[in-house]
Protein chains: 2
Amino acid sequence: MKSKRLNRVTIKDIAHEAGVSYSTVSRVLNHYEHVRPDKRQRVWSAVTRLGYVANPQARSLAGGRSHMVGLLVPELGNAYIGQVVRGIDEALAEAQYELMLYTTHRQRTKESTFVRTLTYGMTDGLLLLVPTEPQAYLETLHEERFPYVVIDHQGFDDFSPTVIAKNYQAAFDATRYLIELGHRRIGFIRGLKHLSSAIERHKGYRAALEAHGLEYDPSLVVDGEFLQGPSYAATQALLDRPDPPTAIFASNDLSAFGAMDAVRVRGLSIPDDISILGFDDIPQAASVRPALTTVRQPLVEMGRIAVQLLFTYIEDPDRPCERIELDTALVIRDSCAPPAR
Amino acid sequence: MKSKRLNRVTIKDIAHEAGVSYSTVSRVLNHYEHVRPDKRQRVWSAVTRLGYVANPQARSLAGGRSHMVGLLVPELGNAYIGQVVRGIDEALAEAQYELMLYTTHRQRTKESTFVRTLTYGMTDGLLLLVPTEPQAYLETLHEERFPYVVIDHQGFDDFSPTVIAKNYQAAFDATRYLIELGHRRIGFIRGLKHLSSAIERHKGYRAALEAHGLEYDPSLVVDGEFLQGPSYAATQALLDRPDPPTAIFASNDLSAFGAMDAVRVRGLSIPDDISILGFDDIPQAASVRPALTTVRQPLVEMGRIAVQLLFTYIEDPDRPCERIELDTALVIRDSCAPPAR
DNA sequence: TGCGATCTTGAAAGCGTTTGCAATCCACTG
DNA sequence: CAGTGGATTGCAAACGCTTTCAAGATCGCA
């Protein structure tokens, strides 16, 4: 019944091996400063010699850090998310932290229970990736001074630390690029309407048009939900117009793929007949044909930075709210060209 | 420094509230049988009234279950993996288990340390998704009777519990489908050579050809590494032949996408000029144009079943090794048709 | 050389649970 | 009605580690 416990090396074994008390070992392990150098040395060597690995459970039970952070994601299996998680994962591994994963559909279980489980010493902090309705628990977390960082979403409050890309500027630049290529009718495939990233991109698109003396035409804007299927259908609608756009700016790469399909299904060519521009620069964007011109978000880096930011809050939960905005870059490949004529 | 502990509800509070000893509460919580019904009742009601949530750390420290399982994946952000994880996640949530995520690149850190961390009471069991080189630690795990289940890979030993699809049969059927459509020259894009799933699919392809009196031509087999980019290049090579295949069977959907790109870049049409058949049926397969005809693996279910199987081993680590093979289904969409002429 | 101040360090008290052990019940048996 | 044995239940001892407390060491400076 009870799984046999492996003969684990404990802090006491180290203490014995190094000839110090186990409290001293603990202090060394936790980088406590007042320990004589020679003992510190002896402890570390005993640690490596015996191959000691701390027991996170005991650690956090005793009131220390658990060395785990929770990550809340809406889903998995999405390249965009995969990239961000990669960054998170790397940064965590470097700091010897473990990752507890939660997918959003779990939230349907009592949310209070969820937050409680997480904050009850199970994790030292929480990472929220494009949360959908975080208001409910974010306020609680903030009041409890429980460390957390929101990734790629913002604007619902003014106390949540955030890491996000400069969506507005990125969309503005991308749209300008299309305009400078000579396009005058540029379609826009919008993302999930409640996400700030989608909203900002839309704003950037619109602002760029207007800044260049082009009229913003709402009928050129369709909804793609950040998904390939819906974007395919939405693009069809765009192409059905008597005056179809000569370029389409999609809110993410997946949407761009949907648009590409729709264009090709009509026998039109990319970029000769229609230009397509994406957003995110997921790995697939480079291997698709024609290779997708897109806005590169530093996805992996966003993950890494979020972790680093989280650590600062774990270190000092009272630090003031910090928000980090990352630069993007336009990656020019083969899916955009000057309009035909 | 030390994060303030929230005023957590403990087992003792429940005991007090229900008027029983805390050991009894523990027994109720763990579904121990010899507890009088009325007390059991009182305990449960106290639990819900106070909103008690067990502390996993303390639980596993005390030698019980940690209610966490570890999941080892090669990467994230891959739809195939996303689906499997979804199943795992659902099944775990139902059983009130938590998920600890490890991505393979972490394995580069001392592997012994990795296995130790995991088995030292941190998790109750381990799920290995398409592990790349598991031999090293699998034997240790098995000897320690540490519960684990391997998903979608097998053949490296005869003691590892496994959940996998019937790759051979699936590939056989898919190939036969193409043959029955009238194709005689069928290209094959092979997956990662060291994965049993890739090997089985290749065998199935070959067997189907030979079963229908078609010669197996090695030059029609190219490597796609289960990736879109390499498959694109590989398909180019196939199409460069004086007698290009009239159909291409890709080892997974991503490879199929690469093949589709290659075909289209030549101005050829799918499925009129060339048929493409995939494997996996990731969500994208349905939203791509033309919609991809592919072999559906019950990905989500594989995840669920793996969890269930793992639970049986957590229950009884000495159970004999069990292997579950899941059926697949051919999903016919729009990317395959009889050969031209 | 002496005294307070600052370092170091070990002992011990938990952290929230599980579980072995032993005592207490309780229903029957004869 | 005493005796028997299983069903219940409480106590206390871990589990491995952090942290407080106080005592012993050491150091600086007069």
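Predicted, not measured: the structure shown is a model, and the values here were computed from it. Naming: A, B, ... by sequence-line order, numbering from 1 per chain.
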query: What nucleotide among C/dC15, C/dT18, D/dC17 has an atom nearest to a side-chain atom of B/Ile11?
result: C/dT18

Side-chain donor-acceptor pair present, B/Thr162, B/Gln154, cut-off under 3.5 Å: no

message: Using whole Å, what does the distance between atom P of nucleotide D/dA25 and atom CG of A/Asp38 come to?
response: 15 Å

- line: By side-chain contact (heavy atoms from CB on, under 4.5 Å), A/His16 pairs with (sequence neighbours left out) none

message: From the set C/dT9, C/dG16, D/dT18, return the single nucleotide nearest to any side-chain atom of A/Lys39.
response: C/dT9

query: Quick one: A/Asn55 CG to C/dG16 P, roughly how many Å, whole number?
result: 16 Å

Spacing between A/Arg40 atom CZ and C/dT8 atom P, to the nearest angstrom: 9 Å

message: Taking 4.0 Å as the cut-off, does a side-chain nitrogen or oxygen of B/Asn30 come that near to OP1 or OP2 on C/dT17?
response: no

- line: Residue set satisfying side-chain hydrogen bond (donor to acceptor under 3.5 Å, both in side chains) with A/Thr24, at least two apart, ordered chain then number -> A/Ser21

- prompt: Listed by chain and number, what are the salt bridge (charged side-chain N to carboxylate O under 4.0 Å, His left out) partners of A/Arg27, not counting sequence neighbours?
  reply: none

query: Is the count of non-hydrogen atoms from other residues, nucleotides or ligands lying under 6.0 Å from B/Glu325 atom CD greater than 12?
result: yes

message: How many whole angstroms separate atom CZ of B/Arg59 from atom P of C/dC15?
response: 19 Å

message: Pick the closest DNA chain D nucleotide for B/Ala58 and for B/Pro37 by heavy atoms, then say which residue is nearer the 5' end.
response: B/Pro37

statement: Taken in chain and number order and not counting sequence neighbours, the residues that satisfy salt bridge (charged side-chain N to carboxylate O under 4.0 Å, His left out) with B/Asp157 are B/Arg323

task: Could you check how far NZ of B/Lys12 sits from P of D/dA12, rounded to whole Å?
output: 11 Å

message: Please report the distance, rounded to the nearest Å, between OH in B/Tyr52 and P in C/dG16.
response: 10 Å

Pairs meeting criterion salt bridge (charged side-chain N to carboxylate O under 4.0 Å, His left out) with involvement of residues 41-50 of chain B, two or more places apart: B/Glu17-B/Arg49, B/Asp38-B/Arg42

- line: Double-helix bend of the helix from C/dT1-D/dA30 to C/dG30-D/dC1, axes at both ends from 5 pairs, round to 10°, gives 40°

- line: Against the side chain of A/His34, the closest entry in D/dC17, D/dT26, C/dC7 is C/dC7

Integer-rounded Å distance: D/dC17 P and A/Arg65 CZ: 17 Å

query: Can you pull the ring-ring contact (aromatic ring centres under 6.0 Å, His included) pairs that have at least one residue in residues 306-326 of chain B, sequence neighbours excluded?
result: B/Tyr97-B/Phe311

- line: Considering only heavy side-chain atoms of A/Arg36, the closest of D/dT9, D/dT26, C/dT17 is D/dT26

statement: Note: contacts of residues 19-27 of chain B with DNA chain D (heavy atom, under 4.0 Å) are B/Ser21, B/Tyr22, B/Ser23, B/Thr24, B/Arg27

task: Could you tell me the separation between the CD1 atom of A/Ile14 and the C1' atom of D/dG16, rounded to a whole number of Å?
output: 12 Å

In a table with atom names and distances, give each donor-acceptor pair under 3.5 Å that connects a side chain of residues 71-78 of chain A to protein atoms at least two apart or in another chain.
{"residue": "A/Glu75", "atom": "OE2", "partner": "A/Asn78", "partner atom": "ND2", "Å": "3.3"}
{"residue": "A/Asn78", "atom": "OD1", "partner": "A/Tyr80", "partner atom": "N", "Å": "2.8"}
{"residue": "A/Asn78", "atom": "OD1", "partner": "A/Ile81", "partner atom": "N", "Å": "3.2"}

